[in-house]
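What follows is a short report on a single structure.
As a basis for the values below, the full set of heavy atoms in this structure was taken, side chains included, without hydrogen atoms, waters or symmetry mates.
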Amino acid sequence: QVQLVESGGGLVQPGGSLRLSCVASGRISSINAMGWYRQAPGKQRELVASLVSGGSPNYADSVKGRFTISRDNAKNTVYLQMNSLKPEDTAVYYCNADIAPYIFVPPQDYWGQGTQVTVSS
């Protein structure tokens, strides 16, 4: 079974930085896209950033200029560099990937367990 594991969350003061990592492991034939979502208590889960293989990154308007998504294809890892963090960035951040476990099998979405990011003074 495909597994996504996030790391790098924690407590940071406003204006600080964090770098999140997500590693995909298990039966993987190809990864078409990877991305980051976040969900605050009482709110809908929202897309933060995504990166399609061979394409350009996409960002939510609220994080443009502050967050950067990148990927290490050889390690099946995606990163989210978060700078100039604000209290409204506080949420559980989830890694998402569109993965085909076998060749000729259509890809499906997989989710990590999430990592908590808290921005507070």
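- Judged by distance alone, the side chains of N83 and S17 do bring a donor and an acceptor atom under 3.5 Å apart.
- For E6 (side chain) and C95 (main-chain N/O), a donor-acceptor pair under 3.5 Å exists by modelled atom type.
- When hydrophobic side chains of Ile, Leu, Val, Met, Phe, Trp and Tyr are connected at separations under 4.5 Å, Y79 ends up as a singleton with no cluster partners.
- With hydrogens and angles disregarded, a donor-acceptor distance shorter than 3.5 Å links the side chain of T90 to the backbone of V119.
- Applying the side chain to side chain donor-acceptor pair (under 3.5 Å) test to K75 and every residue at least two apart in sequence or in another chain returns nothing.
- Rounded to the nearest 0.5 angstrom, N58 CG and L47 CG are separated by 7.5 Å.
- Counting only residues at least two apart or on different chains, the ring pair (Phe, Tyr, Trp, His ring centres under 6.0 Å) pairs with a member in residues 83-121 are Y37-W111.
- The CH2 atom of W36 lies 8.0 Å from the CE atom of M82; values are rounded to the nearest 0.5 Å.
- When side chains are defined from C-beta on, T115 does not count as touching V92, because their heavy atoms never get closer than 4.5 Å.
- Listed here is the closest heavy atom pair of P57 and I69: CB-CG2, 3.6 Å.
- With a 4.5 Å cut-off on side-chain heavy atoms, L20 and V117 count as touching.
- Side-chain contact between N76 and I28 is present, with at least one heavy-atom pair separated by less than 4.5 Å.
- Annotation: side chain of S30 is not in contact with side chain of P107 (no heavy-atom distance under 4.5 Å).
- Applying the 6.0 Å contact sphere to CD of Q113 captures no more than 12 heavy atoms from other residues, nucleotides or ligands.
- From N32, atom CG reaches atom OG of S53 across 6.0 Å, with rounding to the nearest 0.5 Å.
- Put simply, the side chain of L18 reaches to within 4.5 Å of the side chain of L85, judged on heavy atoms.
- Residues passing the salt bridge (charged side-chain N to carboxylate O under 4.0 Å, His left out) test with D89, sequence neighbours excluded: R38, R66.
- Going from atom OG of S70 over to atom CG of L80 covers 8.5 Å, rounded to the nearest 0.5 Å.
- Within a 6.0 Å sphere centred on CD of Q13, other residues, nucleotides and ligands contribute 12 heavy atoms or fewer.
- Looking at heavy atoms from C-beta onward, M34 lies out of side-chain contact with L51 at the 4.5 angstrom threshold.
- Between A91 and A40, the shortest heavy-atom contact is CB-N, 3.9 Å.
- Counted within 6.0 Å of CD on Q108, heavy atoms from surrounding residues, nucleotides or ligands total 12 or fewer; the atom is thus considered open.
- Applying the ring pair (Phe, Tyr, Trp, His ring centres under 6.0 Å) rule to pairs touching residues 10-30 yields nothing, sequence neighbours excluded.
- Transitive grouping of hydrophobic side chains (ILVMFWY, heavy atoms separated by less than 4.5 Å) brings V2 and I31 into a common cluster.
- Residues that satisfy the side chain to side chain donor-acceptor pair (under 3.5 Å) test with D109, not counting sequence neighbours, are absent from this structure.
- Heavy-atom minimum distance, Q39 versus K43: NE2-O, 3.1 Å.
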